[in-house]
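Just so we're clear, the structure is a prediction, and the values are computed from it rather than from any experiment.
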Amino acid sequence: MSQPIIRRTVPACAAAAASVLLLASCSQDSGDHGAARPTPSRQADSRSPAPSAASEDRLIKQATSVVESVPGDALLEGGSERVGDGIHTHPVLHRGTTYRLVLTCVGRGSAHLTVLPEKSGSDAPVPCDRSVVQQRINGDGPVRIDVVAAEGSTGALAWRISSSTPVVTAPSSPSGS
């Protein structure tokens with residue numbers, strides 16, 4: 001007698017499993033079903049190609065070359081990044097030393113430089129047109145330097161932080177020599 005029950009259960013389980021699969025594929029997105037949503041595809045990528053690795057490398061080399069063309073003192077820190085990645089560094093600067101930040105953006109759009117704490121430096125726009133942005137930064141401990149791309153900007157950033165001459169107090173003249 002148990003055989004007829006098994007025969008009826010197998011088709012019922014198969015039908016239930018198929019229903020679950022269909023419901024899961026239809027209810028994957030619980031948002032507004034009337035709005036069109038782009039789906040990633042290789043064809044869409046070929047219409048609006050992302051910068052290739054070769055073009056990114058070329059832009060990074062150009063940005064680095066611009067920064068290297070600016071004379072500077074002893075290098076503290078530097079590098080290059082894609083504009084979309086930005087620059088996010090936290091150097092510890094020695095009290096009484098003035099530093100110089102040199103940066104450029106090569107590509108399209110712009111970025112924005114932020115230096116914190118504000119007493120160490122000031123904010124500035126960074127156009128992605130190979131302009132050199134220079135900023136004096138006063139050493140007084142940890143500093144946060146961020147360069148963030150404006151929406152839609154592409155290209156490469158390069159920067160260098162170098163130490164300038166430390167602030168030197170005049171020696172007292174020897175008395176009695």
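Between Leu157 and Thr104, every side-chain heavy-atom pair lies at or beyond the 4.5 Å cut-off. For the pair Ile161 and Ile145, the minimum side-chain heavy-atom distance is below 4.5 Å. Contact of the Val115 side chain with the Val143 side chain is registered, since non-hydrogen atoms from C-beta on lie closer than 4.5 Å. Looking at heavy atoms from C-beta onward, Val67 lies in side-chain contact with Arg160 at the 4.5 angstrom threshold. Side-chain atoms of Glu56 and Leu59, non-hydrogen and from C-beta on, never get closer than 4.5 Å to each other. Counting heavy atoms from C-beta on, the side chains of Leu113 and Asp123 never come closer than 4.5 Å. Ile137 places a side-chain heavy atom less than 4.5 Å from the side chain of Leu93.
Distance check, rounded to the nearest 0.5 Å: CZ of Arg95 to CG of Asn138 gives 11.0 Å. Rounded to the nearest 0.5 angstrom, Ser110 OG and Glu151 CD are separated by 11.0 Å. Between atom CG of residue Leu76 and atom OG of residue Ser162 there is a gap of 8.5 Å, rounded to the nearest 0.5 Å. Between the CZ atom of Arg130 and the OG atom of Ser65 there is a distance of 8.5 Å, given to the nearest 0.5 Å. Interatomic distance, NE2 of His88 versus CG of Asp146, reported as 5.5 Å (0.5 Å rounding). Interatomic distance, CG of Leu103 versus OG of Ser131, reported as 10.5 Å (0.5 Å rounding).
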Show, in sequence, the C-alpha distance, side-chain angles and deciding distance for Trp159 and Val147, and conclude whether the side-chain contact (heavy atoms from CB on, under 4.5 Å) test is met. CA-CA 10 Å; Trp159 84 99; Val147 180; over 6 Å; no
May I have the step-by-step check of salt bridge (charged side-chain N to carboxylate O under 4.0 Å, His left out) for Asp140 and Lys119, ending in yes or no? CA-CA 9 Å; Asp140 194 22; Lys119 66 182 180 181; 2.9 Å; yes
Could you walk me through whether Val148 and His112 pass side-chain contact (heavy atoms from CB on, under 4.5 Å), step by step? CA-CA 5 Å; Val148 178; His112 188 78; 5.6 Å; no
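The two atoms that bring Ser163 and Thr97 nearest to each other are CB-CG2, 4.4 Å, heavy atoms only. Counting all heavy atoms, side chain and backbone alike, Pro117 lies closest to Pro142 at CD-O, 3.8 Å. The shortest non-hydrogen separation linking Ser153 to Gly109 is OG-CA, 3.4 Å.
The disulfide (SG to SG under 2.5 Å) contacts involving residues 54-101 comprise nothing, where partners must be two or more places apart or lie in separate chains. Applying the disulfide (SG to SG under 2.5 Å) test to every pair with at least one member in residues 63-120, sequence neighbours left out, gives these pairs: Cys105-Cys128.
Cluster membership for Val106 and Val83, using ILVMFWY side-chain heavy atoms within less than 4.5 angstrom, is not shared. Hydrophobic clustering, with ILVMFWY side chains joined whenever heavy atoms are under 4.5 angstrom apart, keeps Val102 apart from Val133.
With hydrogens and angles ignored, the 3.5 Å screen pairs a side-chain donor or acceptor of Thr64 with a backbone N or O of Ile60.
Residues Arg100 and Gln135 bring no donor and acceptor atom of their side chains to less than 3.5 Å of each other.
Atom NE2 of His94 has 12 or fewer neighbouring heavy atoms from other residues, nucleotides or ligands inside a 6.0 Å radius.
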